[in-house]
Visitor: 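The structure that follows is given in the form of C-alpha cells.
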Amino acid sequence: MPEKDLPSFEPSEDPEPVPDRLQGNGLTTQTIDLSSLFDPDVDSSGTFDLGSVGSTSFGRLLDSLPVPAILIDPSNRVVFSNQGCTRLTSDYQDLFGVSFLDLVPRPSDRERAQVLANKTLSLLDRVFRTRKPLTAEAILEIHRRRIWTRLHLRAVKISSSRYVLVLIEDVTEEKKQLALNKRRDKESHELQRDLETLVEVANSELAVMKTRLDREIANHMKTQELLKVERQKNDVLAQHFDLATAVVSPAGKFHFIDNRFQELCGYELHDIPDLSKMIAGSLDYGDHDGETQEGDSSSTAGAIHEESAVVVCGMLCRSGVKREVGVTTRRLIDGNYFIVCKTDHDLLRRQPIDGAPEATS
C-alpha cells in the first residue's frame, strides 16, 4: 500500500486498555519491577548489562511471548528484542542498539518529519515520566519492511534503572481491510449518488415524455372525434346525394360504398370484388370529339386512375346483369379515388363533379 495511505504516528488521547496479562488489579504501582529476577550484586552501580538478558528468567519470559517485544532504555535505544520479533524480521537480533526513532519512518518533508520525531520522543518520555501504560498506533519500518503496528508501552524497573517494554501488535491486515472498506464505502456512496442522479434525470425525462404523450393522445382523441364527425357528415351527405359513391384504392379495392352503390351493383362492402373485376367494358369520354369508343376493362381502369376522369363503362352486377354506368373519378389527397356513378350518363355529361373535365357533347 502506498506510504501516503499509511496512518501517521498518532498516540491515542485516551490510551486503550492494556491486555489483562500486563495489568493486574489492586497494584500500587503500574511499573513492572523486575529487580527480584536479577542478582543485585551483578553491578554495584545498579546498572545492568541487558545484552545477556536473554539467558535470564526475564529474557526467557519475553521469548515465550507470542508477539514481538523490545526493551528501550532511557536513551531511546533498543537493548533487547525477543524471539517473537522474527515476525518482523529474521535478523531481529540486529535491532540491538538501534534508536527507536530510527524504526519510525519519517516523511520527506523536513517539517513534518520533525513533528513526527517529537511526537515519538514525547510518547516514550511520557511513559518514563508517568510510568503509566500507554497504547499508540504507529508505522514501523524494520529492515525496509513497513507495517502498521499497535504499540503497548509499559514502564519496567530493574533495580534503579528504568526501561520501556514495547509489545508490538501487527495490525497491517486489519488497517488494510479498514482502508479497503472505507474506499468501498466511498465508492458505494458515489455510485449510489450517481444512480440517484440518473434516476432523477430519467424520472424528469419520463415526466416530460409522459406530458408530451398525454398531449399527443389528447390531440389524437380529438382528431379521432373530428374524423368521426366528418365521417358522419360524409355519410349523411352521401345518403342524401342522388348519385352512387364509393372510395377505391389505387389497386381497385373498395374502402367505402354508400347505399345507392350497393343498390347499383348488388354487393356489400365485405364481398364486393375489385373494381377491375366489375368493369366489363368502357366508352371513354377523352379527346375523341364526342365519339364513344368501346374499350377493355384495363383501359377503363387506367382512365379511372387518372387525376380525374369521366368514363362510361359496363359494370357487372352481382346478379350477373351488365349495367352501363357513367363514372366520374377524382384522386384524393391520401391517394385513394372518389368514384361517382350514375346510370344516366347524359346527366353525367352535363354535371361532372368539381374539378373533373367535362365530357364533350
Side-chain angles (χ1 to χ4, degrees), residues 8-24 27-38 43 45-54 56-85 87-89 92-106 116-142 147-171:
S8 59
F9 189 97
E10 291 288 351
S12 303
E13 293 295 332
D14 298 321
E16 298 180 11
V18 295
D20 292 340
R21 65 176 179 270
L22 297 180
Q23 184 174 0
L27 295 178
T28 58
T29 177
Q30 292 179 297
T31 298
I32 301 176
D33 192 346
L34 301 176
S35 300
S36 60
L37 297 179
F38 294 86
D43 191 307
S45 66
T47 300
F48 299 91
D49 179 11
L50 294 182
S52 60
V53 71
T56 65
S57 298
F58 176 57
R60 288 192 293 272
L61 174 63
L62 292 181
D63 282 334
S64 67
L65 295 178
V67 295
I70 59 176
L71 274 178
I72 300 176
D73 65 9
S75 65
N76 300 320
R77 294 188 176 276
V78 178
V79 294
F80 175 78
S81 57
N82 71 345
Q83 293 183 9
C85 289
R87 295 189 178 190
L88 307 179
T89 175
Y92 69 95
Q93 293 178 342
D94 292 344
L95 295 176
F96 182 82
V98 175
S99 172
F100 183 75
L101 196 61
D102 292 338
L103 300 180
V104 180
R106 280 166 283 181
L116 182 59
N118 292 339
K119 287 185 177 182
T120 304
L121 296 176
S122 176
L123 176 69
L124 296 176
D125 181 67
R126 184 177 174 186
V127 178
F128 277 116
R129 287 186 298 101
T130 65
R131 304 173 189 175
K132 301 288 185 180
L134 290 178
T135 302
E137 289 188 355
I139 299 171
L140 298 184
E141 184 174 2
I142 301 175
I147 59 173
W148 270 307
T149 62
R150 184 174 294 118
L151 306 178
H152 304 271
L153 299 93
R154 191 69 181 262
V156 175
K157 179 182 178 183
I158 303 176
S159 186
S160 61
S161 300
R162 297 187 180 276
Y163 304 88
V164 173
L165 174 64
V166 182
L167 300 179
I168 303 173
E169 181 183 357
D170 188 349
V171 293

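Any value given below was found using the heavy atoms of this structure, including those in side chains, with hydrogens, waters and symmetry copies removed. Numbers for residues simply follow the sequence, beginning at 1.
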Visitor: Okay, side chain of R87, backbone of P66: is any donor-acceptor separation there less than 3.5 Å?
Guide: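 Confirmed, R87 side chain pairs with P66 backbone.
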
Visitor: Drop me the distance from L116's CG to T120's OG1, to the nearest 0.5 angstrom.
Guide: 4.5 Å

Visitor: Is it the case that the side chain of N76 and the backbone of D125 share a donor-acceptor pair, with hydrogens and angles ignored and the cut-off at 3.5 Å?
Guide: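 Here the side-chain-to-backbone pair does not exist.
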
Visitor: Using 0.5 Å steps for rounding, measure from the CG atom of L103 to the CG atom of L88.
Guide: 9.5 Å

Visitor: With distance as the sole test, does T149 use its side chain to make a donor-acceptor pair with the main-chain N or O of A138 at under 3.5 Å?
Guide: yes

Visitor: Determine the minimum heavy-atom distance between L167 and A69, stating which atoms define it.
Guide: CD2-CB, 3.5 Å

Visitor: Kindly give the heavy-atom pair with the smallest separation between A136 and L123, and that separation in Å.
Guide: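 Heavy atoms of A136 and L123 come nearest at CB-CD2, 3.8 Å.
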
Visitor: With the side chain counted from C-beta on, respond yes when R150 and T135 share a heavy-atom pair under 4.5 Å apart, and no when they do not.
Guide: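 Yes, their side chains come closer than 4.5 Å.
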
Visitor: Can you tell if the side chain of I168 reaches within under 4.5 Å of the side chain of L151, non-hydrogen atoms only?
Guide: yes

Visitor: Can you list the steps and then say if I147 with I139 is a side-chain contact (heavy atoms from CB on, under 4.5 Å)?
Guide: CA-CA 6 Å; I147 59 173; I139 299 171; over 6 Å; no

Visitor: Contact between V78 and V166 at the side-chain level, heavy atoms closer than 4.5 Å - yes or no?
Guide: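 V78 vs V166: side chains apart.
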
Visitor: If you take all heavy atoms of L124 and F100, which pair is closest and at what distance?
Guide: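 Heavy-atom minimum between the residues: CD1-CD2, 3.7 Å.
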
Visitor: How close do S99 and R77 get, counting heavy atoms only, and between which atoms?
Guide: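 Taking S99 first and R77 second, the nearest heavy atoms are N-NH1, 3.6 Å.
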
Visitor: Look up atom CG in L95 and atom CG in L71, then write down how far apart they are to the nearest 0.5 Å.
Guide: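 Going from CG on L95 over to CG on L71, the span is 12.5 Å.
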
Visitor: How long is the span from the CD1 atom in I142 to the SG atom in C85, to the nearest 0.5 Å?
Guide: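 Rounded to the nearest 0.5 Å, the CD1-SG separation comes out at 7.0 Å.
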
Visitor: Give, for atom CD of Q93 and atom CD of Q83, the distance between the pair rounded to the nearest 0.5 Å.
Guide: 8.5 Å

Visitor: Report the distance from atom CD1 of I70 to atom CZ of F80, rounding to the nearest 0.5 Å.
Guide: 11.0 Å

Visitor: Could you report the tightest heavy-atom contact between D73 and Y163, atom names first, then the distance?
Guide: CA-CD2, 3.6 Å

